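Small disclaimer: the values here were computed from a predicted structure and weren't measured. Hydrogens, waters and symmetry mates play no part in the numbers below; they use all other heavy atoms, side chains included.
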Amino acid sequence: MAAVTARAVAERGGIKPGLLHHYFGGLPGFHTAVAANAHVLVTEPLLKGVLEVSDATNAATNAPQVVATRFADARALRLAREVLVRALRDPSMAAQRYGWLREGHEKLAIRLADMHPQWTPQRRDGTASLLAALVDGLMMERMLDPGAANGSADGPASGMSEASLTDETRHPREKPDRL
């Protein structure tokens, strides 16, 4: 997205360059709109796939498959990669992307509260951070190596979920998951 010009975007879209400035406030606004659309098309389905499980252990175990399925479409992968590169170069885009990541983290924590009401807020927040980091890492692996099967993460994801989410590792003040 960095080498894109307003004229090229307008030409490709079959519009006059002035319309791009009118609707988006210029090329930076257009980039933000593209990134927001990418978030809706790529990141939100990943988050939804992770959240559609019955418990946190399944979320961690299923994350590699969720990422692999979403990035089977090369266009989604390319779009995610371009947004990340743009965010690394543009502080305003980075701030926008960070906001989306925070929203995703909050959705994970809320879902964890529904799945595990006995967990402390700190445990939910920590587990949400682990799940978000797992998905981000799997996305990064896929971006760097599009041919990656994400299968290398299956065992560790399962092991991480078992080690961090079972009754044996709960905080002493927490109630057990099962009676």
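Residues Asp136 and Leu101 have side chains in contact (heavy-atom distance under 4.5 Å, counting atoms from C-beta outward). You'll find the side chain of Leu46 reaches within 4.5 Å of the side chain of Val67, heavy atoms only. No side-chain heavy atom of Met115 sits less than 4.5 Å from a side-chain heavy atom of Ser54. You'll find the side chain of Phe24 stays beyond 4.5 Å of the side chain of Leu19, heavy atoms only. Using a 4.5 Å cut-off on side-chain heavy atoms (C-beta onward), Leu84 and Met140 make contact. Using a 4.5 Å cut-off on side-chain heavy atoms (C-beta onward), Arg111 and Val50 make no contact.
Looking at His116, its side chain does come within 3.5 Å of a backbone N or O of Ala56 through a donor-acceptor pair. In terms of modelled atom types and a separation under 3.5 Å, the side chain of Asn62 and the main chain of Asn58 share a donor-acceptor contact.
Here the closest heavy-atom approach between residue Leu27 and residue Ala6 is recorded as CD2-N, 3.7 Å. Contact record, Val42 with Ala80: CG1-CB, 4.0 Å, taken as the closest heavy-atom pair. Residues Ala63 and Leu134 approach most closely at CB-CD2, 3.7 Å, considering heavy atoms. For the pair Ala68 and Arg142, the tightest heavy-atom approach, listed with the atom from each and the gap, is CB-NH2, 3.3 Å. Ala87 and Ala94 get closest at one heavy-atom pair: O-CB, 3.2 Å. A pairwise comparison of heavy atoms in Pro117 and Arg124 identifies O-NH1, 4.1 Å as the closest pair.
The line from CG of Asp125 to CG of Leu108 is 10.0 Å long, rounded to the nearest 0.5 Å. Taken from OG1 in Thr32 to CE in Met93, the straight-line distance is 4.5 Å, to the nearest 0.5 Å. Between the NE2 atom of His105 and the CG atom of Leu47 there is a distance of 11.0 Å, given to the nearest 0.5 Å.
Judged as a salt bridge (Lys or Arg N to Asp or Glu O under 4.0 Å), not a single pair has a partner in residues 4-14 (not counting sequence neighbours). Within the structure, every pair that satisfies the salt bridge (Lys or Arg N to Asp or Glu O under 4.0 Å) test and touches residues 54-79, not counting sequence neighbours, is listed here: Asp73-Arg75.
Judged by the 6.0 Å distance and 45° axis criteria, Arg97 is not positioned over the aromatic ring of Trp100.
Side-chain contact check for Thr69 and Gln65: at least one donor-acceptor pair (N or O, by modelled atom type) lies under 3.5 Å. Remark: the His31 side chain and the Arg86 side chain contain an N/O donor-acceptor pair separated by less than 3.5 Å.
Follow the hydrophobic side-chain contacts under 4.5 Å out from Val34 and you reach Tyr23 in the same cluster.
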Checklist line | side-chain contact (heavy atoms from CB on, under 4.5 Å) between Phe71 and Leu138, intermediate numbers included | finding: CA-CA 10 Å; Phe71 285 135; Leu138 292 168; over 6 Å; no
